[in-house]
Amino acid sequence: MTSEDTVVAIATPPGRGGVGVVRLSGERSIEIATRVVRFRKSGLETQRATLGEIVEPARAGGPASGRVLDQVVVTCFRRPHSYTAEDVVEISCHGAPVVLGYVVERCVAEGARAAEPGEFTLRAFLNGRIDLTQAEAIRDLIESRTLYQAQVAAQQMEGSVSSRLKPHKQVLLELIAKLEAGIDFAEDDLPVAGWPEITERLDRISADLEKLVRGYEYGRLVREGLSLAIVGRPNVGKSSLFNRLLDQDRAIVTATPGTTRDLVSETAAIGGLPLRFVDTAGIREARDEAEKIGVAKSLEAIADSSLRLLVVDSSDPWTDEDARLLARVRPLGPLVVARNKSDLPCKLTLEDLESRLAEVVGAERNAPSRQALIVSTSALTGEGIPELKEKILAAAVPARDLGMEGEFITNLRHRQLIQQSLASLAKARRAAAERTHHEMLLLDLYDALHALDTLTGATYADDILGVIFSTFCVGK
Ligand code: GDP
């Protein structure tokens, strides 16, 4: 990839729609657009929307000028005031795939190259308009499924991760400069950072970086969402509760096609986090081989979920099957129990259920308070559903109070680099404590700084860029 060539791609999603946009970026984009689009009057104007036409080229022996294929609006952004910081032209056609394909073809015929996935954003990065964390945030924003995810990504797109790291990088740079000066000008008696100052500064940076790493647990949930397995014997109201949980957020629910008959499902949003329901159609005794495979799959999915919801029927006494299911799911991790059908006459009281749970939970050390796990619900009347959501969130995200602005990172790559930086800082801290030679300390400080630089993309390896930008779609 070089920035000299002009690239082109359809920037809107595949398929038909009201509008489809073809985007050009690079030195020749204005010239190419002018050849591909026929403008009525004054030609292509910059920083304005201009009306134009896509015209089929005249054929030999055909009519003198070709036939009109579409009416388009062309927007031109002069460098550096554009997405990529290069000259960018966006041709908004009607969303007809054949027309969009044709416009791209014509641009290529006029000298543009088909863009690679993520190449527009890569160019924005290479041209210094955004840093690496901002580029990653653009991808996260595009992929967001809840408004909260979008909000977090938008903050990072503004540079929240980089600005959080900036003061630390500055301090490391200053320390390095002072130590370098101490070495290079040893005879000139320049002031050199004292040991206590060095260790104190390193500790402060480490403490803050550690906070970010701890926040990743929450950040990962924000980015990837949770999965919830709903377990319970037949007819206790699993599907009804499932629909209730989905219902409340109908507006932001997205359907994801099921992969198999019995695991599957839909995603809702709870507290801004995408919550994927893993439907576990009966983990009953299998009667044949096929059912055995189904049951094994369900069990696997239940174990892999972030947390489990056991549904019991309060209009029925406790059964052996309830006990068996409870014993099965309890050791797997966070568990919420819904005492459903609370609108019907009660045959399983809260106290009763608590003591059943205590038999299993009580044996565990550090067991969270039993009450915290149980919610009385009615899928019929909707009673207890908000509490159920609260409990689900509380059980899945113990560190939810960490979810404050800028206090957490969402990206695994960022966590790895911050940990790398922390390891180097720890080494530097030890070197300082042992009053090691400055050169040794300097090496560690350079390593710590380098990891943070790689995170924001100040120094980077091409293969890292390849990995990051290849996960974008074409046209971004
Ligand atoms: P599943 O087999 O566990 O998925 O149970 P369903 O969700 O299919 O519900 C079984 C039956 O119980 C259906 O007839 C539901 O309408 C009914 N049901 C579910 N939840 C409640 C509830 O909270 N109250 C009452 N009265 N009926 C419910």
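All figures in this text were calculated on a predicted structure; none of them were measured in a lab. Counting convention: from 1, in listed order, for ligands and their atoms alike.
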Expected output: side-chain N340 to main-chain A379 donor-acceptor under 3.5 Å:
yes

Answer yes if the side chains of T319 and D322 hold a donor-acceptor pair under 3.5 Å, and no otherwise.
yes

Output, in order, the C-alpha distance, side-chain angles, deciding distance and verdict of salt bridge (Lys or Arg N to Asp or Glu O under 4.0 Å) for R223 and E136.
CA-CA 12 Å; R223 190 152 178 269; E136 287 167 315; over 6 Å; no

Just by modelled atom types, is the H450 backbone N or O under 3.5 Å from a matching donor or acceptor in the T454 side chain?
yes

Regarding D5 and R123, does a basic nitrogen lie under 4.0 Å from an acidic carboxylate oxygen?
yes

For ligand 1, what are the residues with a heavy-atom contact below 4.0 Å?
R233, P234, N235, V236, G237, K238, S239, S240, N340, K341, D343, L344, S378, A379, L380

Going by side chain to side chain donor-acceptor pair (under 3.5 Å), D343 matches just one of S376, S378, S314. Which one?
S378

